[in-house]
Amino acid sequence: MMMKTSSGDTYQAIYAIVVRIPFGFVATYGQIALLAGYPGCARQAGYALAALENNSSIPWHRVVNARGCISPRSNDGLGGLAQRSLLEAEDVCFDDRERIDLKRFQWRVVMSGDKKIE
DNA sequence: CATTTGACATCTT
DNA sequence: TAAGATGCCAAAT
């Protein structure tokens, strides 16, 4: 059973980044982890999203892996079909391989010192 | 305190 | 380009 009352810091940091993803754009787990201040902790980003509740206000559907496709989850056999629908609703196009063109839809942020500008 | 796990990333074949 | 193997780090048990 996963404890929802985690330490908080890492998860909260990741959530804060995911919420900042603009409409119609997506970000990779590694990028989120990096922006959250945990470079190399891509898995933690996904783990944090996995701990999210269904009614959470976090746009978890805008988070995809480095390949630009939806990662197969373990708990749900549906495998993120809802996520794909949500992304398509945001004008995010998928190719025949169920992959997103990160060249166009990946969220780009510019790190200026300790301040990040979208 | 040590082991296992996980919505990943990156390198090599 | 696709598929397989390895490495990372933090949280949960």
Side-chain angles (χ1 to χ4, degrees):
Chain A
M1 187 79 78
M2 291 170 285
M3 189 124 62
K4 58 181 65 174
T5 56
S6 327
S7 306
D9 286 352
T10 311
Y11 284 26
Q12 288 298 329
I14 291 169
Y15 298 151
I17 301 300
V18 176
V19 168
R20 286 190 164 110
I21 302 175
F23 183 93
F25 282 86
V26 296
T28 65
Y29 294 98
Q31 186 176 5
I32 291 168
L34 180 65
L35 294 172
Y38 294 86
C41 301
R43 313 184 87 160
Q44 263 26 62
Y47 200 69
L49 295 177
L52 280 174
E53 298 179 14
N54 299 327
N55 53 0
S56 186
S57 305
I58 310 299
W60 55 272
H61 56 271
R62 291 178 190 159
V63 185
V64 295
N65 58 22
R67 288 179 171 175
C69 56
I70 300 170
S71 301
R73 357 152 119 54
S74 354
N75 193 356
D76 209 324
L78 298 175
L81 293 174
Q83 182 172 6
R84 198 180 86 176
S85 299
L86 287 166
L87 289 174
E88 288 182 320
E90 298 192 358
D91 299 310
V92 178
C93 302
F94 283 76
D95 60 356
D96 294 336
R97 291 192 182 87
E98 305 286 305
R99 303 207 301 198
I100 304 170
D101 186 357
L102 295 177
K103 288 285 192 178
R104 295 171 52 116
F105 297 105
Q106 186 173 40
W107 179 37
R108 297 176 179 176
V109 291
V110 181
M111 297 293 285
S112 184
D114 58 341
K115 182 173 57 180
K116 46 184 179 303
I117 306 170
E118 302 176 20

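Quick caveat: nothing in here was measured; it's all calculated off a predicted structure. All values below come from the heavy atoms of this structure, side chains included, with hydrogens, waters and symmetry mates left out. Throughout, a chain's letter reflects where its sequence line sits, starting with A, and its residues are numbered from 1.
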Inset, instruction - State which of B:dC8, C:dA11, C:dA3 makes the closest approach to the side chain of A:Ala42. - result: B:dC8
Inset, instruction - Using a cut-off of 6.0 Å, state whether more than 12 heavy atoms not belonging to A:Asn55 lie near its atom CG. - result: yes
Inset, instruction - Specify the separation, in whole Å, of atom CZ of A:Arg43 and atom P of B:dT4. - result: 15 Å
Legend entry - Gap between atoms CD1 and C1', on A:Ile32 and B:dA9 respectively (whole Å): 13 Å
Legend entry - Rounded distance in Å - OH (A:Tyr11) to P (C:dC9): 17 Å
Inset, instruction - Give a yes/no answer on whether the side chain of A:Arg99 brings an N or O atom under 4.0 Å of OP1 or OP2 in C:dT1. - result: no
Inset, instruction - Could you check A:Glu90, A:Arg84, A:Gln83 and say which one makes a side-chain hydrogen bond (donor to acceptor under 3.5 Å, both in side chains) with A:His61? - result: A:Glu90
Legend entry - N/O (side chain, A:Thr28) to phosphate O (OP1/OP2, B:dC8) under 4.0 Å: no
Inset, instruction - Check whether any side-chain heavy atom of A:Leu102 sits under 4.5 Å from a side-chain heavy atom of A:Val26, and report yes or no. - result: yes
Legend entry - A:Ile32 vs A:Trp107 side-chain heavy atoms within contact, under 4.5 Å: no
Legend entry - A:Ser71 side-chain N/O to B:dC8 phosphate OP1/OP2 under 4.0 Å: yes
Inset, instruction - Let me know the distance between CD of A:Gln12 and C1' of C:dA11, rounded to the nearest Å. - result: 15 Å
Inset, instruction - Please report, rounded to the nearest Å, how far the P atom of B:dC8 is from the CD atom of A:Gln83. - result: 11 Å
Legend entry - Nucleotide C:dC9, atom C1' - distance to CD1 of A:Ile14 in whole Å: 11 Å
Legend entry - Interatomic distance where OH belongs to A:Tyr29 and P belongs to B:dG6 [whole Å]: 15 Å
Legend entry - Any A:Arg97 side-chain N or O less than 4.0 Å from OP1/OP2 of C:dA2: yes
Inset, instruction - Starting from P on B:dG6, measure out to CG on A:Asn65 and report it in whole angstrom. - result: 17 Å
